[in-house]
Amino acid sequence: MILRQRTHWLKMLFIWKGSVLKKIIAQLFIITIFSVAVFYFNGKIYDYKVKLNPTVFTLIGLALAIFMGFCNTASYDRFWEGRKLWGLLVIETRSLTRQILSFIPNVSKEEKQEIVKLISAFCWSLNYQLRDKSETKPIQHLLSEEQFRQIQGKKFIPNIILGFISDWLNEQNKKGNIDTIVLTSMNHQLNQFSNISGGCERIYNTPLPFAYSVLLHRTVYLYCFWLPFGLLDSLDWMMPLIVLLISYTFIALDAIIQEIGEPFGEEENDLALNSICRTIEFSIFEQAEIPQGELKKPDSYFVD
């Protein structure tokens with residue numbers, strides 16, 4: 001994710017990082033060359049002069065803009081829902097950590113710290129699951145040897161880690177270290193973890209309907225390639241520049257819709273899951289007085 005304040009208007013014109021321009025520059029180049037060719041041949045295909053009324057493109061452009069607005073809203077809803085779920089995870093992890101540290105007497109500080117590490121392991125494993133990373137080495141230091149062995153080859157590792165935490169809470173309840181009321185409250189926190197995990201999986205497993213993406217993609221490119229014929233007679237030599245500007249607007253928005261519609265990826269405008277996990281780990285480790293280094297802030301505008 002790119003996090004930066006709006007800069008001077010002139011600098012904004014030349015910002016590269018975080019822009020989708022690098023994804024679509026080849027398409028824009030092809031459309032520009034095509035527009036120049038249309039201008040050079042005066043809109044003729046062999047001996048036939050292609051005459052298109054600019055009014056037609058106004059009507060099509062209006063309909064296309066409305067449809068793109070709908071798709072953009074749908075994509076951003078997915079992005080924002082994903083961010084709200086991870087924001088809720090930040091709150092719930094701190095709340096559960098507080099309850100473990102405050103409401104469970106007769107349990108050593110070291111044992112509580114091990115459970116806090118499991119909470120962090122849940123967040124990281126959910127991150128890796130949503131990003132299709134099957135490796136478990138990065139969370140090995142947060143688990144015991146037996147726990148690490150049990151997650152090998154498993155697909156839904158966050159659920160297994162929740163099971164580790166639940167088993168520990170039940171064990172403490174049997175020992176009399178947690179009363180029923182506190183146990184019920186903590187189980188509610190674990191249910192919230194499960195709801196968050198399920199909500200993220202729902203977003204991940206249910207992309208925007210493919211028919212929408214295909215229709216939008218086809219319409220945008222057909223519009224852009226036919227546009228030079230409609231603007232040639234009215235704009236003359238300025239036509240390729242105007243076509244480039246209009247094409248950039250539509251094609252860039254199409255690319256943005258596709259990018260933010262999958263919010264858990266690792267592109268520049270996706271959610272900064274690694275940064276959120278580091279924040280969660282730092283805050284709950286700080287609560288549990290687990291030794292750790294400084295919370296690293298990004299040294300650039302990019303947060304992963």
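Note that the structure is predicted; figures quoted are calculated from it, not measured. Numbers here are sequence positions counted from 1.
M239 and L241 fall within the same hydrophobic cluster, where Ile, Leu, Val, Met, Phe, Trp and Tyr residues are linked whenever their side-chain heavy atoms come under 4.5 Å apart, directly or through other members. Cluster annotation: V36 and F225 are assigned to distinct hydrophobic clusters (Ile/Leu/Val/Met/Phe/Trp/Tyr, side-chain heavy-atom contacts under 4.5 Å, transitive). Transitive grouping of hydrophobic side chains (ILVMFWY, heavy atoms separated by less than 4.5 Å) keeps V20 and F29 in distinct clusters. A single hydrophobic cluster is seen to contain both I246 and I25, as judged by linkage of ILVMFWY side chains at heavy-atom distances under 4.5 Å, directly or through other members. Cluster membership for I31 and M238, using ILVMFWY side-chain heavy atoms within less than 4.5 angstrom, is shared.
Smallest separation of non-hydrogen atoms from S19 and Y248: OG-OH, 4.4 Å. Across all non-hydrogen atoms, the minimal contact from W86 to C123 is CH2-O, 3.6 Å. S197 and N159 make their closest contact through OG-OD1, 4.3 Å (heavy atoms, listed as atom of the first residue, atom of the second, distance). Here the closest heavy-atom approach between residue E92 and residue I196 is recorded as CG-CD1, 4.4 Å. Shortest non-hydrogen contact noted between E262 and P207 is OE2-CB, 3.3 Å. Residues K155 and Q129 share a closest heavy-atom pair of O-OE1, 3.7 Å.
Residues V220 and M68 are in side-chain contact: their nearest non-hydrogen atoms beyond the backbone lie under 4.5 Å apart. The shortest distance between side-chain heavy atoms of D132 and Y204 falls below 4.5 Å. Looking at heavy atoms from C-beta onward, F193 lies in side-chain contact with L89 at the 4.5 angstrom threshold. Taking 4.5 Å as the limit, every side-chain heavy atom of W124 sits out of range of all side-chain heavy atoms of P138. Residues T136 and K154 form no side-chain contact, since every pair of their non-hydrogen atoms from C-beta on lies 4.5 Å or further apart. Counting heavy atoms from C-beta outward, L227 and I242 have side chains that stay 4.5 Å or more apart. With contacts defined as side-chain heavy-atom distances shorter than 4.5 Å, the pair Y128/I139 qualifies. Within the 4.5 Å cutoff, no side-chain heavy atoms of L126 are placed close to those of L273.
For the 3.5 Å distance criterion, the side chains of E114 and S144 fail to qualify, holding no donor opposite an acceptor.
When atom types are taken as modelled, the side chain of T184 and the backbone of T180 share a donor-acceptor pair closer than 3.5 angstrom. For the pair T219 (side chain) and L216 (backbone), a donor-acceptor distance under 3.5 Å is absent. Side-chain N or O atoms of S234 include one that pairs as donor or acceptor with a backbone N or O of L231 at under 3.5 Å. A distance-only check finds no donor-acceptor pair linking the side chain of N42 to the backbone of K44 [under 3.5 Å]. At distances below 3.5 Å, not a single donor-acceptor pair connects side-chain atoms of N173 with backbone N or O atoms of L169. At distances below 3.5 Å, at least one donor-acceptor pair connects side-chain atoms of T249 with backbone N or O atoms of L245. A donor-acceptor pair under 3.5 Å is absent between the side-chain atoms of S185 and the main chain of I181, judged by distance alone. Not one N or O on the side chain of Q287 forms a donor-acceptor pair closer than 3.5 Å with the backbone of T97. In terms of modelled atom types and a separation under 3.5 Å, the side chain of Q152 and the main chain of R149 share no donor-acceptor contact. The closest donor-acceptor contact from the side chain of Q113 to the backbone of E289 lies under 3.5 Å.
Applying the 6.0 Å contact sphere to CD of Q292 captures more than 12 heavy atoms from other residues, nucleotides or ligands. Heavy-atom contacts from other residues, nucleotides or ligands closer than 6.0 Å to NZ of K49 number more than 12. Within a 6.0 Å radius of CG in L59, more than 12 heavy atoms belonging to other residues, nucleotides or ligands are found.
Using a cutoff of 4.0 Å between basic side-chain nitrogens and carboxylate oxygens, K23 and E267 are scored as salt-bridged. With respect to K175 and E171, a salt bridge is recorded, a charged nitrogen being found less than 4.0 Å from a carboxylate O. A salt bridge links E266 to K133: at least one charged side-chain nitrogen sits closer than 4.0 Å to a carboxylate oxygen. No salt bridge links R78 with E81; every basic N to acidic carboxylate O contact stays at or beyond 4.0 Å.
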Working note: I119 + F285, criterion side chain to side chain contact (heavy atoms under 4.5 Å, CB included); need CA distance, chi angles, decisive distance, verdict. CA-CA 10 Å; I119 297 174; F285 277 23; over 6 Å; no
Please walk me through it: do L183 and N170 pass side chain to side chain contact (heavy atoms under 4.5 Å, CB included)? CA-CA 8 Å; L183 180 63; N170 287 330; 4.2 Å; yes
Between F79 and Y76, does a ring-ring contact (aromatic ring centres under 6.0 Å, His included) hold up when you go through it step by step? CA-CA 5 Å; F79 177 89; Y76 188 77; 5.8 Å; yes
Assess the residue pair R83 and I276 against the criterion (side chain to side chain contact (heavy atoms under 4.5 Å, CB included)); give the C-alpha distance rounded to whole Å, side-chain angles, the decisive distance to 0.1 Å, and a yes or no. CA-CA 10 Å; R83 183 61 187 90; I276 296 173; 4.1 Å; yes
Applying side-chain hydrogen bond (donor to acceptor under 3.5 Å, both in side chains) to E111 and W168, what does each step give before you reach the verdict? CA-CA 10 Å; E111 188 173 353; W168 183 82; 2.7 Å; yes
Applying side chain to side chain contact (heavy atoms under 4.5 Å, CB included), run through L162 and S194 and close with a yes or a no. CA-CA 8 Å; L162 282 184; S194 185; 4.2 Å; yes
Determine whether F164 and F122 satisfy the following criterion, ring-ring contact (aromatic ring centres under 6.0 Å, His included), listing intermediate values before the conclusion. CA-CA 10 Å; F164 295 155; F122 168 83; over 10 Å; no
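Between H217 and Y221, the ring planes lie tilted relative to each other; the angle falls in the 30° to 60° range. Between F229 and W226, the ring planes lie tilted relative to each other; the angle falls in the 30° to 60° range.
In this structure, CD in Q258 is found 6.5 Å from OG in S75, a value given to the nearest 0.5 Å. In this structure, OG1 on T93 lies 9.5 Å from CG on L88, to the nearest 0.5 angstrom. Interatomic distance, CG of N72 versus CD1 of I257, reported as 5.0 Å (0.5 Å rounding). Once rounded to the nearest 0.5 Å, the distance linking CG of N187 with CD of Q192 reads 12.5 Å. Here the CG atom belonging to L85 is positioned 4.5 Å from the SG atom belonging to C200, to the nearest 0.5 angstrom. With values rounded to the nearest 0.5 angstrom, L96 atom CG is found 6.0 Å from L190 atom CG.
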